[in-house]
Amino acid sequence: MECRKLEITLVSANSLPDVRSLGQMKVYAKVSIKGESKTSKRSPVDFEGETNPRWNFRTEYTISESAVQQPDVKISIRLYCKRTLGNRFIGDVSIPIKSLFDKGIKADKILSYRVAGTENGVVNILYRFGNEKVLVRKPSSWKNIAFE
């Protein structure tokens with residue numbers, strides 16, 4: 001199967017709502033393809049930025065070439081506030097992989113996306129697709145289009 005590497009860097013977020021009534025916001029993100037738990041990767045927790053966290057968290061996926069061209073295949077970024085009594089969901093961003101690919105093989109500048117579920121929140125990312133297509137033998141037990 002022809003595939004392509006996709007590198008996503010979660011740079012930061014800005015203007016997130018403060019979902020804590022007491023204490024400091026400690027924000028992390030979960031990145032996945034199409035919301036599939038098998039592709040989920042978690043950023044470190046930012047203990048200092050509160051409503052404006054910074055991660056510079058880089059993650060990489062191998063995506064089938066056909067998935068790169070489908071508008072319904074998306075990068076999902078879900079933001080959470082780490083809490084002792086259970087983490088609290090802040091909001092999410094869904095980015096079609098095709099829209100990134102159509103912009104170019106890599107981001108020349110940081111791209112900002114609105115965080116659904118917030119008034120003014122944004123997530124800032126960088127991305128880069130591999131220049132070369134690679135051949136990958138798809139595991140028979142996994143029928144998804146993205147591989148870690």
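Along the sequence shown, residues carry numbers from 1.
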With S94 via side-chain contact (heavy atoms from CB on, under 4.5 Å) - residues at least two apart: K74
Which atom of Q69 lies closest to which atom of P71, heavy atoms considered: O-CD, 3.6 Å
Working for side-chain contact (heavy atoms from CB on, under 4.5 Å), residues L126 and I110: CA-CA 5 Å; L126 290 168; I110 293 174; 3.8 Å; yes
Any side-chain donor near an acceptor of the partner, K41 and T59, under 3.5 Å: yes
N120/V115 under side-chain contact (heavy atoms from CB on, under 4.5 Å): CA gap, chis, key distance, verdict: CA-CA 8 Å; N120 298 313; V115 179; over 6 Å; no
Verdict with supporting geometry, V73 and K34, side-chain contact (heavy atoms from CB on, under 4.5 Å): CA-CA 6 Å; V73 179; K34 288 183 76 174; 4.2 Å; yes
Same cluster (ILVMFWY, side-chain, under 4.5 Å), V68 and I105: yes
Spacing of D18 atom CG and C81 atom SG [to the nearest 0.5 Å]: 7.5 Å
Sequence-distant partners of Y28, side chain to side chain donor-acceptor pair (under 3.5 Å), two or more places apart: N87
Atom of K26, atom of R20 and distance for their closest heavy-atom approach: NZ-NH1, 3.4 Å
Set of residues satisfying side chain to side chain donor-acceptor pair (under 3.5 Å) with respect to S12, sequence neighbours excluded: R54, N124
Least distance between heavy atoms, S32 atom then Y61 atom: CA-OH, 3.7 Å
Exercise: identify the closest heavy-atom pair between L16 and A13: CD1-CB, 3.9 Å
Contacts of type side chain to side chain donor-acceptor pair (under 3.5 Å), residue N52, not counting sequence neighbours: none
By side-chain contact (heavy atoms from CB on, under 4.5 Å) - contacts of R78 (at least two apart): S76, Y80, F89, D92
Contacts of Y127 that satisfy side chain to side chain donor-acceptor pair (under 3.5 Å) - sequence neighbours left out: none
Co-membership, hydrophobic cluster, residues V27 and V45, 4.5 Å side-chain: no
Pairs involving residues 113-123, ordered by first then second residue, that meet salt bridge (Lys or Arg N to Asp or Glu O under 4.0 Å) (sequence neighbours left out): none
Straight-line distance of I77 CD1 to I95 CD1, nearest 0.5 Å: 4.0 Å
Residues which pass ring pair (Phe, Tyr, Trp, His ring centres under 6.0 Å) with F101, listed by chain and number, not counting sequence neighbours: F129
For P44, all residues meeting side-chain contact (heavy atoms from CB on, under 4.5 Å), sequence neighbours excluded: F57
Shortest non-hydrogen separation from V123 to L79 and the atoms involved: CG2-CD1, 3.7 Å
N/O donor to acceptor pairs below 3.5 angstrom from side-chain atoms of residues 1-11, sequence neighbours left out:
unit_1: R4; atom_1: NE; unit_2: E65; atom_2: OE1; d: 3.1
unit_1: R4; atom_1: NH1; unit_2: G130; atom_2: O; d: 2.8
unit_1: R4; atom_1: NH2; unit_2: E65; atom_2: OE2; d: 3.4
unit_1: K5; atom_1: NZ; unit_2: T62; atom_2: OG1; d: 3.2
unit_1: E7; atom_1: OE1; unit_2: R58; atom_2: NH1; d: 3.2
unit_1: E7; atom_1: OE1; unit_2: R128; atom_2: NH2; d: 3.0
unit_1: E7; atom_1: OE2; unit_2: R128; atom_2: NH2; d: 3.2

Non-hydrogen atoms of P17 and I90 that approach each other most closely: CD-CG2, 4.0 Å
By side-chain contact (heavy atoms from CB on, under 4.5 Å) - contacts of E50 (at least two apart): Q24, M25
V122: hydrophobic cluster co-members (side-chain, 4.5 Å): none
